[in-house]
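Throughout, numbering of the chain's residues begins at 1 and tracks the sequence. Atoms within a ligand are numbered from 1 in the order they appear, just like the ligands themselves.
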Amino acid sequence: KVVAVIMVGGPTKGTRFRPLSFNTPKPLFPLAGQPMIQHPISACKRIPNLAQIFLIGFYEEREFALYVSSISNELKVPVRYLKEDKPHGSAGGLYYFRDMIMEENPSHIILLNCDVCCSFPLPGLLEAHKRYGGMGTMLVIKVSAESAHQFGELIADPNTKELLHYTEKPETFVSDLINCGVYVFTPDIFTAIQGVLTHREDRANIRQVSSFEALQSATRTLPVDFVRLDQDILSPLAGKKQLYTYETMDFWEQIKTPGMSLKCSSLYLALFKITSPQLLASGNGITSATIAGDVYIHPSAKIHPTAKIGPNVSISANVRVGAGVRLISCIVLDDVEIKENAVVLNSIIGWKSSLGRWARVQGNGDYNAKLGITILGEAVTVEDEVVVINSIVLPNKVLNVSVQEEIIL
Ligand code: GDD
């Protein structure tokens, strides 16, 4: 049996995702019309003998309750949300719920970060892991040398694929091969985490000899039960024939900012062409409007037949799109109204917002720049003919004059 665990983190972790994380936990933000974590959850469903999927985080239980019950029913696999009383770190959180994870006596545990976007080649990862015979195997990818420092950089043996060296976000370049945040472990991972905890307790006991030193270490170090998978487990176990790597040649991105969510939405829409073409507007005849490229439209949305939509557009529930509207590269969230002849380009339109006639909301499409896409928070009103360019607008604002390169607080 296999169980999957998705680390969803908590509210303090989502700050770079503002203003989109005010009311919706980041892991539930829709990409290509589905909550961020649904993409890895659907991928888990393709693993033979999958018994359960756990989401571990420190968001309030009620924020995930509705989602876990609906997705469990839909996929016919139990999905459970487990809430930590406080953050324990990416390995500590896993360890905290070890008894529940081991309830069904799984032989393997798939561990996933919630904020990565890729094709999740999990069956291949699992097969490779069984061949290597170690404690864990991680998905890795080659990225540009300039961007590698944002991730865990690593060196792997070119023949055996063993993880030889691992450094988390190093200041000086180590390697352009990086950690994708997608792993498979045997239950021995719990013994490894236990080892880190025991070692820390021993050191803490020795330190108590000198109260000055104890005070110093208390202010300098993390809580004793906080264990990071990367620094505390992967780094020390590299080169010990316990950890191996599996390289993906598909796409991979990390979703830390709203700009990246727009990019990842387009990657998932493109993936749907292969995995689930019936979800795309061109493949399901959901609208008589003109569709260009990959587009998702929720069945409850009302689109005027003279609108032109795409490529890379996701339209959520109850959205109304008027005559002559043009939408390109955008995410339009629930209950938005877009009136006649408005244009949206490289933008995210927040829940319940409204765009007036001939309004124009656009970004320049630089997904990595702070103001490269325009983001309207929840319930923003853009009045008729108003133009909003490369800006971030916080919830409940009314824009009656045009703005450019601004953050409207
Ligand atoms: N439940 C829980 N509790 N989840 C947590 C906690 C915690 O205390 N801390 C982090 N997480 C979750 C985050 O939500 C995320 O899904 C994952 O664990 C990793 O988060 P971080 O530890 O903040 O690391 P990161 O995202 O900056 O970088 C990691 O992922 C990269 C790939 O996206 C590292 O492993 C990098 O090496 C890797 O390249």
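In this structure, Lys263 is not positioned above the aromatic face of Tyr367 in the sense of NZ or CZ being under 6.0 Å from the six-membered ring centre and within 45° of the axis.
Judged by the shortest distance from any of its heavy atoms, Phe97 lies outside the 4.0 Å radius around the atoms of ligand 1. A heavy-atom separation below 4.0 Å is not found between Lys86 and ligand 1. The closest approach between Tyr183 and ligand 1 falls below 4.0 Å for a heavy atom of the residue. The closest approach between a heavy atom of Gly93 and any atom of ligand 1 is not below 4.0 Å. At least one heavy atom of Ile56 sits closer than 4.0 Å to an atom of ligand 1. Not a single heavy atom of Tyr96 sits less than 4.0 Å from an atom of ligand 1. Ligand 1 has no atom lying under 4.0 Å from any heavy atom of Arg228.
If you number the atoms of ligand 1 from 1 as listed, the ones under 4.0 Å from a heavy atom of Glu168 come out as 28 (O), 34 (C), 36 (C), 37 (O). When each atom of ligand 1 is checked for a heavy atom of Tyr166 under 4.0 Å away, the hits are 37 (O). When each atom of ligand 1 is checked for a heavy atom of Gly57 under 4.0 Å away, the hits are 1 (N).
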Side-chain donor/acceptor pairs under 3.5 Å, residues 235-243, sequence neighbours excluded:
residue, atom, partner, partner atom, Å
Ser235, OG, Tyr166, O, 3.0
Lys240, NZ, Pro236, O, 2.8

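Atom CD1 of residue Ile110 and atom CG of residue Leu112 lie 7.0 Å apart, to the nearest 0.5 angstrom.
Distances from atom 7 (C) of ligand 1 to the heavy atoms of Gly89, Gly9, Cys114 put Gly89 nearest. With distances taken over non-hydrogen atoms, the option nearest atom 22 (O) of ligand 1 out of Ser90, Cys117, Pro27 is Ser90.
Within the 6.0 Å centre-distance limit, the rings of Phe29 and Phe17 are counted as a close aromatic pair. For Trp351 and Phe22, the distance between ring centers is not under 6.0 angstrom.
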